Amino acid sequence: MVSDSFFHRKCMARVSHVVEAAEQVNMVYLDELPSRQAQLVALRSTQEFDVLIVGGGATGSGCALDAVTRKLKTALVERDDFSSGTSSRSTKLIHGGVRYLQKAIMKLDYEQVNASFFLHNNNMITYQPHVLLGPFMWYVSSCFARWWQLPYYWAGIKIYDLVAGGQCLKSSYVLSKNKALELFPMLKKDKLVGAIVYYDGQHNDARMNLAIALTAARYGAAIANYTEVVHLLKRADPQTGKERVCGAHCRDVITGQEFDVRAKCVINATGPFTDALRKMDDQKNPNICQPSAGVHIVIPGYYSPDNMGLLDPATSDGRVIFFLPWERMTIAGTTDTPTEITQHPIPVEEDINFILTEVRNYLSPDVEVRRGDVLAAWSGIRPLVTDPNSKDTQSICRNHIVSISDSGLVTIAGGKWTTYRSMAEHTLDAAVKAHGLTADSSRTVGLMLEGAKDWSPTMYIRLVQDYGLEVEVAQHLASTYGGRAYEVAKIAHVTGKRWPIVGKRLVSEFPYIESEVLYAVKEYACTAIDVVARRTRLGFLNVQAAEEALPRIVELMARELKWSDQKKKEELAAAKRFLYYEMGYKVRSEQLTDSSEITLSPPEVDRYKKRFHKFDKENKGFITTVDVQRVLESISVQIDENTLHEILNEVDLNKNGQVELNEFLQLMSAVRKGQVSDNRLAMLMQTAEESLDQRGPVSVDRSGGGM
């Protein structure tokens, strides 16, 4: 691992560099973010913007930041939330260039070589110093015809270091089999030859996206989420007579109000939806994007070491597999399959099982890879630039293109998270030239993003000492908000405990606190989904924990946004639908529903029936919250009624408010097969049974009887 002093030296050098870069911009930087309402007023009332960007993902937000720091009057609209699409559903790696380098080496593909070079030259860590940095292990096995890969890939990874130049965090190195197992003890031993360790960046993608957008807003860009383009505005060019795009007719999704936003130049940065806006400009425009779905799963943190990720660029079917630590969990992925474009992509069981199968190929037999350990799953649509007739999306490079239509619509398509800054620069260069805009050159190299200023590797200690936060919470706030963490800490609620003094958690096992919900509203969060999915990452980490936190999140947002009781119900329902479909809760719950065949042995059936009847004293054939509460009270365990309803609802397949014996046996059968894990009712009933058995029958004299 890299030492703290190494990180400190690197980060301080970067901060010094970005401060100098920021001073060169020489623009007003707003300490207080304008409200969303103020941003909408600016969009409606400004006579004409220089640039209107459509799309609030990484690329669109990057274009807004590049434009506004060139002193162009800049507007941005996004029909959903910032980073609601592909940009929040990535692998969370900043470079990702190694997978392209592997293709470059194996296929002698110049385009892939160029992509790998390009990624390193656009190192986001330079201007967001509180991004995580860490080692990744390149797995090399002894499969047939692969014995030569260790020296071959080592030579390739050295090229990766060479490309990085002065931005290289630390040189890669080769590990023997024994050393690799020491650092990654979960690995399967028999096929392992050795490993290569290289260094890359990792980030909270949704937070990074938001930081870019907020930085643009602080420099004066008018940005608004939940503002969709209804149609493009056009006018005749006085010189040529041809129609030219001159803005967009927009609708505020929250209120339904419609208005025009006029601009000299409109930039299409809508990711997978690129072709939809191009056809809004001209129905004859051909498709230039071929969407590809990438599914990722989240499994418990014990599947990988805290400080080491793993990657193999050559799986059983040629796709890249990786699993790496993220937010104290483990992300595993990914798939790469052609898909239909949708605003709400859903992970499917086939892809989840593919990833689990591949993970099993790398882990020791001692580690049982269970389907029930999948805590969340999501699908992101990659906007690949390709020939419309191409069927193989796996070999497509993620390079980008910038095109300008006959009517002047500028489109930026393709690309990758890591290259967003250079993509924005190329897009604005083309826009300035095509529309004759008066603008400075790009100023975003080394420009500090939201939170980078006032951050240091030890700032979390100040948060603990000055505010009385838990260490884990303080570390989370520092890594998420950077220097803005102090603002979140200042509004944190008093816990009423001796320690921590402030910082009430939304759920006990994650470091997200209630004041983050309040702060999220200041950062343009408009819905409960915005908070559970993007301002915090609960929905991406554990769907059940996210569902538990939802009522409190809705209550806190309702106070800030003045929601009615009906609005609160709608928000809660919408967020639950999001978790159920888009975050994999549906496929997780279907594991129980689909396992209707009870495969328990007769002794196991008898044992679980006995456990069930400890709760069903009246032999009704089902149990309710009243039955469970009665048993828990007898062993001095207190659980509030709402939580108990949630616990039973997870198992209540026919949703009739009770858990029948057959449903309970299905649950235990699924648990035994590994299809379901960490089920709260199963664990609760087992604990209660053990407590009752240990206590034994109450004697007559102790019960006060025997008179």
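Just so it is clear, the values below take in all heavy atoms, side chains as well, and ignore hydrogens, waters and symmetry mates. Keep in mind that what you see is a predicted model, and the values were worked out from it rather than measured.
Minimum heavy-atom separation, I381 to P272: O-CG, 3.5 Å. Contact record, V359 with A332: CG2-CB, 4.0 Å, taken as the closest heavy-atom pair. Annotation for L375 and L541: closest pair CB-O, 3.5 Å, computed over non-hydrogen atoms. Residues I53 and V51 come closest through the heavy atom pair CD1-CG1, 3.7 Å. Contact detail for G539 and L579: the closest heavy-atom pair is CA-CD2, 3.8 Å. The minimum heavy-atom distance linking G414 with V385 is given by the pair CA-CG2, 3.2 Å.
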key: Step-by-step side-chain contact (heavy atoms from CB on, under 4.5 Å) determination, R371 to L356   = CA-CA 7 Å; R371 174 59 182 84; L356 289 173; 3.5 Å; yes
request  = Show the numbers, then the answer: is there a side-chain contact (heavy atoms from CB on, under 4.5 Å) between R421 and H426?
outcome  = CA-CA 9 Å; R421 193 213 62 79; H426 295 165; over 6 Å; no
key: Worked check of side-chain contact (heavy atoms from CB on, under 4.5 Å) between M329 and F510   = CA-CA 11 Å; M329 295 294 174; F510 290 94; 3.4 Å; yes
task = Start with the C-alpha distance between S292 and T337, add both sets of side-chain angles, then the distance that settles side-chain contact (heavy atoms from CB on, under 4.5 Å), and finish with yes or no.
result = CA-CA 5 Å; S292 170; T337 52; 5.7 Å; no
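T419 and H400 share no side-chain donor-acceptor pair at under 3.5 Å. In summary, the side chains of T480 and R207 do not present any donor paired with an acceptor at a separation below 3.5 Å, with no hydrogens or angles considered. Between the side chains of R278 and N268, not a single donor N or O lies within less than 3.5 Å of an accepting N or O. Residues N361 and Y139 have side chains that never bring a donor and an acceptor to within less than 3.5 angstrom of each other. With hydrogens and angles left out, the side-chain atoms of Y226 and E78 include no donor and acceptor closer than 3.5 Å.
Atom OG in S403 sits 4.5 Å away from atom CD1 in I288 (nearest 0.5 Å). Rounding to the nearest 0.5 angstrom, the gap separating the CD1 atom in I223 from the CZ atom in R36 is 11.0 Å. With rounding to the nearest 0.5 Å, the separation of CE in M308 from CE in M137 is 4.5 Å. With rounding to the nearest 0.5 angstrom, the OG atom of S442 is 5.0 Å from the CZ atom of R70. Separation of atoms CD1 (I331) and CD1 (I297) is listed at 10.5 Å; rounding is to 0.5 Å. Atom CG of N209 and atom OG of S83 lie 4.0 Å apart (nearest 0.5 Å).
Without hydrogens or angle criteria, D275 side chain to C289 main chain gives a donor-acceptor distance under 3.5 Å. Using modelled atom types, one side-chain atom of E571 and one backbone atom of A528 make a donor-acceptor pair closer than 3.5 Å. With hydrogens and angles ignored, the 3.5 Å screen pairs no side-chain donor or acceptor of H296 with any backbone N or O of A377. Side chain of T227 to backbone of V77: no donor-acceptor contact under 3.5 angstrom is found. Checked by atom type and distance alone, the side chain of Q202 pairs as donor or acceptor with a backbone atom of P325 at under 3.5 Å. T536 places a side-chain N or O within donor-acceptor distance of the main-chain N or O of V531, the cut-off being under 3.5 Å. T357 places a side-chain N or O within 3.5 Å of a backbone atom of N353 that can act as its donor or acceptor partner. Of the possible donor and acceptor atoms, one in the side chain of D530 sits under 3.5 Å from a partner among the backbone N and O of T527. Put simply, the side chain of T444 never gets that close to the backbone of L447: no donor and acceptor are under 3.5 Å apart. In this structure a side-chain-to-backbone donor-acceptor pair under 3.5 Å is missing from S407 to S405.
Annotation for Y581: atom OH does not count as buried by contact number, only 12 or fewer foreign heavy atoms lying within 6.0 Å. When the shell of 6.0 Å around NZ of K279 is examined, it contains more than 12 heavy atoms from other residues, nucleotides or ligands. More than 12 heavy atoms of other residues, nucleotides or ligands lie within 6.0 Å of CD in E258, so this atom counts as buried by the packing criterion.
The aromatic rings of H231 and H249 sit parallel, their planes meeting at an angle under 30°, below the 60° perpendicular limit. The aromatic rings of Y420 and W417 lie perpendicular to each other, with more than 60° between the two planes, well past the 30° mark. Taking the six-membered ring where the residue is Trp, H476 and Y481 present perpendicular rings, their angle passing 60° and hence far from 30°.
The only option from L324, T330, L310 that meets the side-chain contact (heavy atoms from CB on, under 4.5 Å) definition with S304 turns out to be T330. Among V261, L233, V54, L43, the one residue that satisfies the side-chain contact (heavy atoms from CB on, under 4.5 Å) test with C250 is V261.
We find that E523 and R534 are not joined by a salt bridge, their nearest charged nitrogen and carboxylate oxygen being 4.0 Å or further apart. Between D336 and R382, at least one side-chain nitrogen of the basic residue sits less than 4.0 Å from a carboxylate oxygen of the acidic one, meeting the salt-bridge criterion.
Put simply, the side chain of Y512 does not reach to within 4.5 Å of the side chain of V507, judged on heavy atoms. With contacts defined as side-chain heavy-atom distances shorter than 4.5 Å, the pair D81/I529 does not qualify. Proximity of E547 to V543: side-chain heavy atoms (C-beta onward) are nowhere separated by under 4.5 Å. Side-chain contact between F354 and T334 is absent, with no heavy atoms from C-beta onward closer than 4.5 Å. Taking the side chain as every heavy atom from C-beta outward, I352 and V374 approach each other to under 4.5 Å. Contact check for K92 versus E327: no side-chain heavy atoms found under the 4.5 Å cut-off. Between W378 and V298 the shortest side-chain heavy-atom distance falls below 4.5 Å. Side-chain contact check for T69 versus L65: some heavy-atom pair is nearer than 4.5 Å.
A cation-pi arrangement is present between R537 and F540, with the terminal nitrogen or guanidinium carbon under 6.0 Å from the aromatic centre and inside a 45° cone about the axis. In this structure, R535 is not positioned above the aromatic face of Y524 in the sense of NZ or CZ being under 6.0 Å from the six-membered ring centre and within 45° of the axis.
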